[in-house]
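Accompanying notes for the structure given below.
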Protein chains: 4
Amino acid sequence: MLKELKRKVWQANLELKKQGLVIHTWGNASGIDREKQLIVIKPSGVEYDELQPEDMVVLDLDGNQVEGKLRPSSDTPTHLVLYKMFPSIGGVVHTHSTCATAWAQAQRPIPPFGTTHADYFYGDVPCTRPLKAEEIEGQYEAETGHVIVETFQGKEPLYVPGVLVANHGPFTWGKDAAEAVYHAVVLEEVAKMAMYSCGLQGSLAPIDRVLLDKHFMRKHGKNAYYGQSKK
Amino acid sequence: MLKELKRKVWQANLELKKQGLVIHTWGNASGIDREKQLIVIKPSGVEYDELQPEDMVVLDLDGNQVEGKLRPSSDTPTHLVLYKMFPSIGGVVHTHSTCATAWAQAQRPIPPFGTTHADYFYGDVPCTRPLKAEEIEGQYEAETGHVIVETFQGKEPLYVPGVLVANHGPFTWGKDAAEAVYHAVVLEEVAKMAMYSCGLQGSLAPIDRVLLDKHFMRKHGKNAYYGQSKK
Amino acid sequence: MLKELKRKVWQANLELKKQGLVIHTWGNASGIDREKQLIVIKPSGVEYDELQPEDMVVLDLDGNQVEGKLRPSSDTPTHLVLYKMFPSIGGVVHTHSTCATAWAQAQRPIPPFGTTHADYFYGDVPCTRPLKAEEIEGQYEAETGHVIVETFQGKEPLYVPGVLVANHGPFTWGKDAAEAVYHAVVLEEVAKMAMYSCGLQGSLAPIDRVLLDKHFMRKHGKNAYYGQSKK
Amino acid sequence: MLKELKRKVWQANLELKKQGLVIHTWGNASGIDREKQLIVIKPSGVEYDELQPEDMVVLDLDGNQVEGKLRPSSDTPTHLVLYKMFPSIGGVVHTHSTCATAWAQAQRPIPPFGTTHADYFYGDVPCTRPLKAEEIEGQYEAETGHVIVETFQGKEPLYVPGVLVANHGPFTWGKDAAEAVYHAVVLEEVAKMAMYSCGLQGSLAPIDRVLLDKHFMRKHGKNAYYGQSKK
């Protein structure tokens, strides 16, 4: 069942480790089959080098385990909320990558300080509000999803394909699991560059809207002209 | 004698190097057989790539060398004090990993700024007081153990499986040598993230108790639900 | 056509990745055949490990594609302006390397703080002014070239073989593509050292002119005595 | 001639690259045969992966080239002054390693902030005064040696086996070329830790003399008890 999607999600999880975004088992990638309304996600706490494609867990959007012997990632309810509320996304990634997490811990959004940021994130990478005590003590992982959705109210998630959860770390997404990983790599690099820039210039202002528009649209708009696949 | 434990302690020492926590011979891992009351530790000043399982040194808890031709790590008396005073631990690691050592040199405990920290350390990673002149000039390595024990008075060491020795560097522990290494990796990463967060937000407060509880207990309490092995 | 130049430009692009200057496809190297007035450049958005020498794109100095099935790098117009306006250069590189980009985002030139800098850059690595709205909305990539040329007015580009484009990132150049890559590596390292030095000493002054002269001329002047190839 | 010493000096040079202390050809290691009064040093500007043991250059202490077809490192006169003025040393290394160079550029000595430093450097790693214009314009490389010697007036160089040359970078030494490399690795790590500690605690004081004594003597005094080789 979903053999191809399992392989892709498995590969996305391995890529997180290979890209240096994940220590131990601190990360997870998932993908969705929108037609079948099923998601595939990494099992909880399994070392990356022991992971096999067939270990991937299949769940429906209510969180019922449809296939797989292992328990799914403990962050699964967050992924489920994002798939339900963000219909345009096809893959989700969570990491504790160093610099993105440093911003999340500092509870600061990452402003667009340059074109590297603008090429992928059409504005600030926002930071959620901290969860309330009752949210933490309740359905914590689902509430983490809800506070992300609250942060994106009225925004298209593919225009800013990532978020910092306050005191926690980054979530990213994309049209599939591979693109969510791609964006996790970008977010970590953008977080590092922005941190260094703040060190060099304490009162740094974000770039002008026109430069933000230019770069984001160069890669994403209907007139995009970066790469080979777009016409 | 203790062939399996020697192999595990040897492997733990190699892992320290592989994980980038150790330069030259600046680190050591040990394990204990609680039944036989014997510890196994790395020999002093031997390069990691020359190290063999049979080079590991066996000592009793009074520090008498029971087996092994090589001199044990010069930090052995610290390990012995920790095994004697912390009955719940089964492995100890000492490194001079960069960021944890930077905090130890700054004589600052690492506050829990996020869930990465809270997943493993149930509160501050404390920093010991500096040793007194007479402690340094006396049984220095044993006194290093005593000041750690003093710092943990009334606390369960497995709830905060690591410490910063002021002006020196980190010690970590766990249920065995492998877990002590695991915690050494976590501590270095947590130290790096916390340092970066302080740079981004000078007056950063630790996370709320309720988030600390949630994350630590998600992995460690009797109702833990992270990973595969717990029920 | 231009088989040897294609191979060299291809190799220069791979080297950018190998040296850790490039994430994903964020970089490009080109070279020129001054006699034939043709440039060879990387295609746009192709992963480095799929890139073959024959994928390199050949263009004339007006930007007409002379050979190659793939679309050239979106930054091609910047390269073209530099080749037209800087007759002494034979290769151009653009990256978003972390520390050089951090300075570009902070809109600060990098002062010569030491001999590492002076060995390659005969003075500040300048930072361009930010582009104006009409420049961004017009021929953006060509205007990026023009603002670099404006920044070097009256200067020999081989004496300072690199620049920071404000809010964007570094461009470097050299007598060929390989040397442009070499300078990209130097610039990233010099940017990192300078950033760290500023952290250690907030009001740091550049080195004296005499030391700058000594080091730059030791490697570049007619009396150069570094290396084997000069007499 | 000096076949064994050439092999050791060659290996020391390769180790500089392997340890990540050197970019391009920015470093050199040398060794001396005190009996024959001859030194062996790396040739100037040759890439590390092309370097062969037989490429090493042999010179007498007056700088006359005794063997070798290639031109010796341009820093040779600095090495020669150190060998002549520091009779206890047998190997010298020069690098532009990132963090040590950052301190050199900031013209700050590195205070002993912890035991990692104290294990190898018995006090501050000093920073020389900047060279005067006439020294730079005169016998620059020899003057670099003289300002190092001036900085160590009345001190045993093996007790602090390294220095920061202001605006330039580190030199280290040891009983042979391998130990000089070993100290170059230590110095870079100590420089990084100290930089991070200063970021965490702006007004950090050096460690107490008694801790400095304890650690340095644990590894170096006649009662040293670290490692296997000492009795």
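Here is the naming used below: chain letters follow the sequence lines, and residue numbers restart at 1 for every chain. No hydrogens, no waters, no symmetry mates; every other heavy atom, side chains included, goes into these values.
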Checklist entry - Just checking heavy atoms, which of residues 13-27 of chain C are less than 4.5 Å from chain A? => result I23(C), H24(C), T25(C), W26(C)

Checklist entry - Do you know which of L70(C), V165(C), T101(C) has the most heavy-atom pairs with chain A at a distance under 4.5 angstrom? => result L70(C)

Next on the checklist: Please rank L211(A), I207(A), D213(A) by heavy-atom pairs under 4.5 Å with chain C and give me the top one.
Outcome noted: L211(A)

Checklist outcome for this item: If one checks every heavy atom of E141(C) against chain A at 4.5 Å, the contacting part turns out to be side chain

Item to check | side chain to side chain contact (heavy atoms under 4.5 Å, CB included) against P206(A), all qualifying residues, sequence neighbours excluded | outcome: P111(A), P112(A)

Next on the checklist: For A106(C) versus L204(A), what's the shortest heavy-atom pair and its separation?
Outcome noted: CA-CD1, 3.9 Å

Checklist outcome for this item: d(Y140(C) OH, Y225(A) OH) to nearest 0.5 Å is 8.0 Å

Checklist entry - What part of V46(C) is in contact with chain A, defined as an atom under 4.5 angstrom from a non-hydrogen atom: side chain, backbone, both or neither? => result side chain

Checklist entry - Given W103(C) and L200(A), is the side chain to side chain contact (heavy atoms under 4.5 Å, CB included) satisfied, shown in steps? => result CA-CA 7 Å; W103(C) 283 87; L200(A) 286 167; 3.6 Å; yes

Item to check | Side chain to side chain, E137(C) and K214(A), heavy atoms closer than 4.5 Å | outcome: no

Item to check | Contact winner vs chain C - Q201(A), H215(A), K192(A), heavy-atom pairs under 4.5 Å | outcome: H215(A)

Checklist entry - Got a second to check how far M195(A)'s CE is from T98(C)'s OG1, nearest 0.5 Å? => result 10.0 Å

Checklist entry - Heavy-atom count around Q139(C) CD within 6.0 Å, excluding the residue itself: above 12? => result no

Next on the checklist: Check whether R108(C) reaches the backbone of S197(A) with its side chain - one donor and one acceptor, N or O, closer than 3.5 Å.
Outcome noted: no

Item to check | Neighbourhood of chain A inside residues 72-85 of chain C, taking heavy atoms under 4.5 Å as contact | outcome: S74(C), D75(C)

Next on the checklist: Tell me the closest heavy-atom pair linking T115(A) and H96(C), and the distance in Å.
Outcome noted: OG1-CE1, 3.6 Å

Checklist entry - What heavy-atom pair brings H168(C) and T116(A) nearest, and what distance separates the two atoms? => result O-OG1, 4.3 Å

Next on the checklist: Applying a heavy-atom distance below 4.5 Å, give me the residues of residues 37-44 of chain C that approach chain A, sorted by number.
Outcome noted: P43(C), S44(C)

